[in-house]
Structures are given as structure tokens and as C-alpha cells.
Protein chains: 2
Amino acid sequence: MLNSPLPRDPIAQAREQWVAHGWASEANAMAAITAVMRTASIFLQRADAILKPHGLTFARFEVLALLGFSKRGSLPMSHASELLQVHATSLTNSVDRLEATGLVQRVAHPTDGRTRLLELTAQGLEVLDAARTDLNAQLFAQSDLEAADATDLFEILSRFRRASGDFL
Amino acid sequence: MLNSPLPRDPIAQAREQWVAHGWASEANAMAAITAVMRTASIFLQRADAILKPHGLTFARFEVLALLGFSKRGSLPMSHASELLQVHATSLTNSVDRLEATGLVQRVAHPTDGRTRLLELTAQGLEVLDAARTDLNAQLFAQSDLEAADATDLFEILSRFRRASGDFL
DNA sequence: TCCAAACCCTTGGAAGTCCAAGTATATTGT
DNA sequence: ACAATATACTTGGACTTCCAAGGGTTTGGA
């Protein structure tokens, strides 16, 4: 995947270029946003590598984890896609694969013919538990984020996400 | 794209579930990492929407911007993919599209037959300037990140990226 | 010298994301 | 009651990312 570490942070370099070209007032936001994207891609790669032996990706893990927390054990697709904050089409894609491997079932809604309910299967629950254990041990417990940075990061991003209309 | 704001932050909810199930020590990293991914996806959608009228995506914009800053005006693919921190195959994909629309050219390296140099065309330079102006005005200058948060965010992510081996 | 190892780039395939459009079911307003 | 509107989900297409594998070119050690 990644080569050896670069001698100089390329995002910091881009930031300097921004300043040098007269866009100083946008430089910090540019650097922060670019760094967020890069960081997300690093974490996604790590998560997917950890989940691969479980036959999962991070996207599919999130679906399982959400179902595992739902009181009833079942959730309409629409509700799940809202909570996961992905498009309905992305969820359709993930669920197709989860259903094909027997981790999740689509069941008819008792009263609304449009709605399909997602349910974890017994096997889905097993895979979820094993995958979550691994993610906790190998990703979240060794995230390369210092404790204070993790909380600060979450707070900054919460302010941003609220300002951007993610939630109230 | 996005529905109406949710009444409650779903990542904060997941964090509570993590604590409630006995994974309290991993909860903050889980929440921070999930928030980074969500934030990246929000910014990527915004950037792509702004760049669409220019016939660009953020991935392709980054290639143009990098070439625009290079002293020579040309850069080997390998060097570009290192600086952009994406796989060589991803760059091949972007450059194929940039070349197809005439914004970039692949030229032979004078002495190394393996290497292909990327060059901005005149049209590529024009598109870059226009796209960058729009991104600065519509994304970076109105990022929903407060000034202090943008700098803190960049610093936290720089520490993380260094610790993760992104750069020295 | 010359063959093996390293390097640069591309192809093909799997997966994710989104959007636009389509189908089917519910709800609403007249 | 019934047509118009809204909701729920799926399909198809464009794009990105990665990985695994291949083809060419260069370099370096025996």
C-alpha cells in the first residue's frame, strides 16, 4: 500500500503554496479539509484490512453494528440509511452483499408494503462480535491518536457536523 | 443528497453504546474515527458539486493543482502519486480522464524509458485557475469550520499522520 | 556481460460512493 | 373514491479507491 514516509508533509507544502499565491485566508481550511480526507482514507484502509478475514468491509461492519444495537433487532432500510448517513443506494449495495453471505435478512414490514426490515441472522451476530472485538483491539485501541487528541477531534468535528446540518 | 438533520448525532449515540457495552476505553477513538470518515464524505460531496461545472472531481483537481505548483511544469507519475498519497493505479485512472479531456498530457521522460511525465496543457491551466477560484470561494472560505478549529484540526491530524508513517 | 531484481506504469476486478430514473406502495386533498 | 403526491427501495451508470498481476525498462551483482 503506502511507500516509505515522505520527507515532508505534502499537505503542509500545499498550504505554503496557497499562502504564497495570495490565498492565505483560505489556506488553513484547505489544509484542514485535505488532511481530513487523507486521514479518513488511512483509517478506512486499516479498518478494511482488519475486517477482511471476517469477510467484511467497514461499510458492511457499520450495518451489522447498527443492527446489533437496535432494540427490536430489526430496522427499516430507510431508517438505517439515515443513521449511517449514506445514500439508500449505498445501503442497498451493502445489504445485498450481507444477505448473500447470510449475515442479514430482508423481511417484509408487517403493515407497510414499501418497507423492508433488516434483521441480523445468528451467523451475523457471531461475525459482528468477532469483528468488533478485532476492530476494538487493533484499530480503536491503537489508533495513533493520543487520548486528548481523540476527544478534541471528536468535538471539533461535532461542531462542524452540526453547523453543516448533519444533526440538530 | 442529505435528508433533514437528524434529531440526535448518530455517532454520539454509537459512542454511548460502546460505553454501555463495556468498551469505554475504545469509545473515544471509535467516535473520532467515525466522525473523520463522515466529515470527509461531507467535504468530498461539497467539493465535487462545486467542481462539477468545471468538468472535474476533487481527485482530478488535486492532480491539476499539484502540476500547477511544480516548478518545471511537469512531474513523473510516480512522484505525483507519492505526493498525492494515492496508489499509482488511482492516478492512472485520474490522468486517463484528464488526458481525455485535454487538461493534461503524458510525455516521455528524456532519459528513463519507464517514466511518463505529466504536463498541464494551456486549457488545463485555465480550468485549474477557474476551479481553484471557485473552491476557495465556495468551499474553503465557507467551510463551516471556525478559524481556531481549522488550525487545531490540522495540527491534530498532522500529529496523527506523522505517527501513522505518512511523513517524517 | 548478462540475468535477476527493482522500478514504473497499466490492465482487470472488487468494492464503495453518489446521482438519476424507475417501480411499487401509501398518503393526501379534492 | 381517485388522481396527484410522497415514500421506500432498486437498477444502471459514473467515479474513486484498492489489490493482484502483467509488461517494459533500468540497474546491479556475479
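- If you measure from atom CE of A:Met77 to atom P of C:dT25, you get 16 Å, rounded to the nearest angstrom.
- Computed from coordinates, the B:Leu51 CG to C:dT17 P distance equals 21 Å when rounded to whole Å.
- Across the protein-nucleic acid pair, A:Asp96 atom CG and C:dT17 atom C1' stand 15 Å apart, rounded to whole Å.
- Using a 4.0 Å cut-off, no side-chain N or O of B:Ser90 falls inside it from OP1 or OP2 of D:dT16.
- For the residue pair A:Arg97/A:Asn93, the side-chain donor-acceptor check at 3.5 Å is satisfied.
- In this structure, the nucleotide among C:dC9, D:dC18, C:dA26 sitting nearest to the side chain of A:Asp112 is C:dA26.
- No salt bridge links B:Arg116 with B:Glu99; every basic N to acidic carboxylate O contact stays at or beyond 4.0 Å.
- Hydrophobic cluster membership differs between B:Val19 and B:Ile33, with clusters built from Ile, Leu, Val, Met, Phe, Trp and Tyr side chains linked at under 4.5 angstrom.
- When the nucleotides D:dT10, C:dA15, C:dT10 are ranked by their closest atom to the side chain of A:Thr57, C:dA15 comes out on top.
- In this entry the distance linking CZ of A:Phe58 with C1' of D:dT17 reads 16 Å, nearest Å.
- For B:Arg106 and B:Asp96, the salt-bridge test passes: some basic side-chain N is under 4.0 Å from an acidic carboxylate O.
- Atom P of nucleotide D:dC18 and atom NE2 of B:His87 are separated by 5 Å, given to the nearest angstrom.
- You'll find that the side chain of B:Thr92 is closest to C:dT11, out of D:dC9, C:dT11, D:dT16.
- Taking the nucleotide of DNA chain C with the nearest heavy atom to each of A:Gly113 and A:Val86, the more 5' of the two is matched to A:Val86.
- A donor-acceptor contact under 3.5 Å links the side chain of A:Thr89 to the base of C:dC19.
- Using a 4.0 Å cut-off, some side-chain N or O of B:Arg97 falls inside it from OP1 or OP2 of D:dT16.
- Where B:Ala59 and A:Thr115 each meet DNA chain D at their nearest nucleotide, the meeting point lying more 5' is that of A:Thr115.
- With respect to the salt-bridge test (charged N to carboxylate O, under 4.0 angstrom), the residues A:Arg46 and A:Asp144 qualify.
- The side chain of B:Ser78 lies closest to C:dC9 when the candidates are C:dT10, C:dC9, D:dT10.
- Residue whose closest nucleotide on DNA chain C sits further toward the 5' end, between A:Asn93 and A:Arg114: A:Asn93.
- Taking atom CZ of residue A:Arg116 and atom P of nucleotide C:dA24, one finds them 13 Å apart after rounding to whole Å.
- Rounded to whole angstrom, the span from the CG atom of B:Leu91 across to the P atom of C:dC9 amounts to 9 Å.
- Between the CZ atom of B:Arg106 and the C1' atom of C:dT10 there is a distance of 9 Å, given to the nearest Å.
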